[in-house]
Amino acid sequence: MIPSKITKIACIGAGYVGGPTMSVIAQQCPHIQVTVVDLNVQRIAAWNDPDLSKLPVYEPGLDEVVGEARGRNLFFSTDVDKAIHEAQMIFMAVNTPTKTFGVGRGMAADLKYVELCARQIARVADEDKIIVEKSTLPVRTAESIKTILESETKGIKFKVLSNPEFLAEGTAIEDLYKSDRVLIGGDEDEDGQIAIQALVDVYANWIPREKIITTRLWSSELSKLTANAFLAQRISSINSISALCEQTGADVDEVARAIGMDTRIGSKFLKSSVGFGGSCFQKDILNLVYLCHHFNLPEVANYWEQVVILNDYQKHRFAKRIIDKLFNTVSGKKITFLGWAFKKDTNDTRESAAIYVADELLQDRAEIHIFDPKVSEEQVHSDLVYLQKHRRSQATAYEYEEITSEEIKKLVVVHTDPYSAMEKAHAIAVLTEWDEFKTYDWQKVYDTMLKPAFVFDGRNILDRTKLTEIGFNLHSIGKG
Ligand SMILES: NC(=O)C1=CN([C@@H]2O[C@H](COP(=O)(O)OP(=O)(O)OC[C@H]3O[C@@H](n4cnc5c(N)ncnc54)[C@H](O)[C@@H]3O)[C@@H](O)[C@H]2O)C=CC1
Ligand SMILES: O=C(O)[C@H]1O[C@H](OP(=O)(O)OP(=O)(O)OC[C@H]2O[C@@H](n3ccc(=O)[nH]c3=O)[C@H](O)[C@@H]2O)[C@H](O)[C@@H](O)[C@@H]1O
């Protein structure tokens with residue numbers, strides 16, 4: 001029988017989604033035992049570290065939630081089989097990156113981790129279970145998961161639900177507490193309805209019932225890709241206007257404010273920047289583009305691909321502006337990056353605009369000095385080395401050659417003190433909108449920099465009047 005009352009949950013994948021999501025479920029549902037499993041031994045050890053500042057995911061408030069529930073009804077483990085065996089409901093929160101090889105390279109989602117999970121569940125399970133897709137997946141993936149699960153002929157029933165996650169990093173805990181909505185897609189048959197209700201009952205422990213919406217499986221899967229595509233589209237739209245502002249003398253923040261006050265447009269997600277990053281926007285849009293091509297809808301595919309192309313252009317424009325203003329060369333010049341994470345309040349650097357801007361400056365052999373409050377030197381180097389090997393063939397915003405890891409080590413210096421990072425710099429570039437950057441002693445920074453002292457504010461967070469008065473040569477996004 002498909003379980004209707006859940007007391008044991010397992011989650012495969014202890015990453016940025018699995019970790020925080022399950023921690024909040026455990027905190028809000030003390031009567032449910034939640035076990036989060038992962039193949040990555042180091043990651044699980046970090047989740048179990050008694051020192052809560054060492055959790056593998058940095059999220060404001062996460063340490064308190066884990067501190068409250070861990071050891072009570074929240075467990076982190078590498079024993080995947082045991083967790084599958086015991087749970088009535090299994091979430092799959094594994095990574096679904098863009099394929100880097102083979103059919104659909106650079107576009108389609110790589111579903112190998114999802115497939116491996118499904119095969120493992122099919123092999124280990126000896127009772128009926130509910131399987132919940134938490135990972136972001138292409139439309140109709142649930143069908144493939146079902147096929148794999150049903151291939152083991154042990155007479156066990158599985159019901160697959162789609163329950164995409166909408167949290168944003170940096171505000172994950174807040175988002176999970178007060179979700180705009182929880183979306184659950186499932187089959188319309190009787191067992192499908194039992195499974196949906198079982199998951200609704202879990203969320204109803206803290207989410208108002210009217211915010212939990214249920215749909216068909218395919219609508220749920222497609223809603224997640226669509227939500228990310230719409231959000232990213234807003235950023236590319238305002239970033240396209242930022243280019244025009246720089247030419248015309250209009251101010252993009254003023255334009256955003258003026259249009260955002262129209263309640264039909266709304267004010268959120270209109271902050272012009274050096275370009276969106278993060279593990280999902282680009283990946284999910286490319287996945288949508290791939291799906292559209294697959295279903296022979298080239299006009300729709302091209303429409304959405306333009307959001308990513310514009311984002312590549314925005315990152316390139318920023319790097320090019322630095323080179324242009326520094327008298328057309330940055331070779332041998334010290335350029336300081338404030339920020340490396342893809343947004344503030346996270347240690348996640350996947351697809352961060354900083355990586356692409358650094359790469360473009362490194363093509364001209366700049367010396368890049370970086371300070372980010374949450375990102376390590378090891379991570380910065382590995383991001384740059386990874387890019388050399390895995391460029392999307394479509395990303396042709398600038399000419400590039402491969403930079404060796406030895407050159408990266410020589411040219412890229414990561415600091416633990418912001419002032420040492422900025423000392424004697426030719427230019428400073430703000431790549432992440434960390435609040436602390438606004439509070440620095442900018443007079444002190446100016447005094448120690450080479451003149452003219454250039455600042456390129458890729459997030460429009462610095463006080464323009466103050467910095468200009470000090471004497472900085474300040475360039476912001478979308479300000480003529
Ligand atoms: N990062 C975010 O803010 C959001 C991500 N998503 C989606 O959630 C999914 C997961 O994303 P993240 O948590 O960011 O990824 P992540 O890379 O941080 O975590 C995934 C984890 O799954 C583990 N894993 C992979 N295969 C496994 C297997 N067979 N058995 C056990 N563990 C396995 C990996 O070791 C890794 O620790 C993706 O599909 C993503 O698109 C959705 C909403 C928000
Ligand atoms: O599927 C996912 O992974 C998630 O993707 C995004 O969340 P996230 O990428 O964590 O963070 P966002 O706040 O959306 O920011 C994404 C990027 O856009 C940039 N951004 C955001 C907003 C804005 O106005 N301008 C802007 O440049 C951010 O700096 C960042 O680089 C979505 O906001 C989540 O709803 C979704 O669940």
Side-chain angles (χ1 to χ4, degrees), residues 10-22 36-44 46-47 56-57 59 76-81 83-84 91-98 109-121 133-138 141 163-172 175-176 179-180 224-225 227-232 234-239 242 252-253 256 260 267-285 287 311 314-315 339 341-346 348-354 431-433 458-460 477:
C11 173
I12 309 180
Y16 284 86
V17 167
T21 314
M22 292 303 128
V36 193
V37 288
D38 204 295
L39 297 173
N40 185 329
V41 179
Q42 268 178 325
R43 217 169 205 186
I44 290 298
W47 280 112
V57 168
E59 273 296 338
F76 295 94
S77 161
T78 50
D79 195 342
V80 183
D81 281 0
I84 293 174
F91 286 77
M92 292 203 261
V94 295
N95 33 332
T96 50
T98 306
D110 189 342
L111 299 179
K112 70 172 175 241
Y113 304 105
V114 172
E115 187 182 329
L116 279 171
C117 279
R119 288 188 188 283
Q120 192 162 0
I121 295 170
E133 296 177 343
K134 196 52 145 169
S135 301
T136 302
L137 296 166
T141 306
N163 171 222
E165 184 48 61
F166 295 100
L167 68 80
E169 290 177 28
T171 52
D175 295 344
L176 288 164
S179 305
D180 284 347
K224 174 63 195 177
L225 294 184
N228 274 358
F230 269 60
L231 289 168
R234 281 175 73 90
I235 305 170
S236 277
S237 296
I238 197 70
N239 281 345
S242 77
V252 76
D253 288 331
S267 60
K268 291 181 182 164
F269 263 70
L270 284 181
K271 184 74 187 157
S272 190
S273 68
V274 55
F276 61 75
S279 62
C280 292
F281 279 174
Q282 175 176 295
K283 156 177 90 69
D284 292 349
I285 293 174
N287 189 356
N311 196 49
Q314 187 75 351
K315 293 180 275 189
F342 80 97
K343 63 185 284 198
K344 73 171 180 178
D345 292 338
T346 179
D348 194 351
T349 62
R350 289 176 289 180
E351 288 300 328
S352 179
L431 273 302
T432 313
E433 73 281 23
R459 296 292 185 162
N460 289 354
I477 299 279

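This structure is a prediction, so every number in the text was calculated from the model and none was measured. When a residue number appears, it is its place in the shown sequence, counting from 1. Order of appearance sets the numbers: ligands from 1, and atoms from 1 within every ligand.
The structure places CG of N163 at 5.5 Å from CZ of F91, a figure rounded to the nearest 0.5 Å. Interatomic distance, NZ of K271 versus CD1 of I238, reported as 10.0 Å (0.5 Å rounding). Considering CG of N228 and SG of C280, their distance stands at 6.0 Å, rounded to 0.5 Å.
For the side-chain hydrogen bond (donor to acceptor under 3.5 Å, both in side chains) with T96, the lone residue among K112, E133, K283 that qualifies is K283.
The contact shell of ligand 1, taken as protein residues with any non-hydrogen atom closer than 4.0 angstrom, comprises I12, G13, G15, Y16, V17, D38, L39, N40, R43, A93, V94, N95, T96, Y113, C117, S135, T136, E165, L167, E169, K224, S279, C280, K283, R350. Annotation: ligand 2 has protein neighbours E165, F166, L167, A168, E169, K224, N228, L231, I235, F269, L270, K271, S273, F276, G277, C280, F281, F342, K343, R459, each with a heavy atom less than 4.0 angstrom from the ligand.
Distance alone, capped at 3.5 Å, places no donor-acceptor pair between the Q314 side chain and the V274 backbone. With S352 contributing its side chain and G277 its backbone, the two residues share no donor-acceptor pair below 3.5 Å.
In this view, S272 and N239 satisfy the side-chain hydrogen bond (donor to acceptor under 3.5 Å, both in side chains) rule, not counting sequence neighbours. Every side-chain hydrogen bond (donor to acceptor under 3.5 Å, both in side chains) that T346 has, sequence neighbours left out, goes to E169.
Electrostatic pairing of E433 and K344 does not count as a salt bridge here, judged by no charged N lying under 4.0 Å from a carboxylate O.
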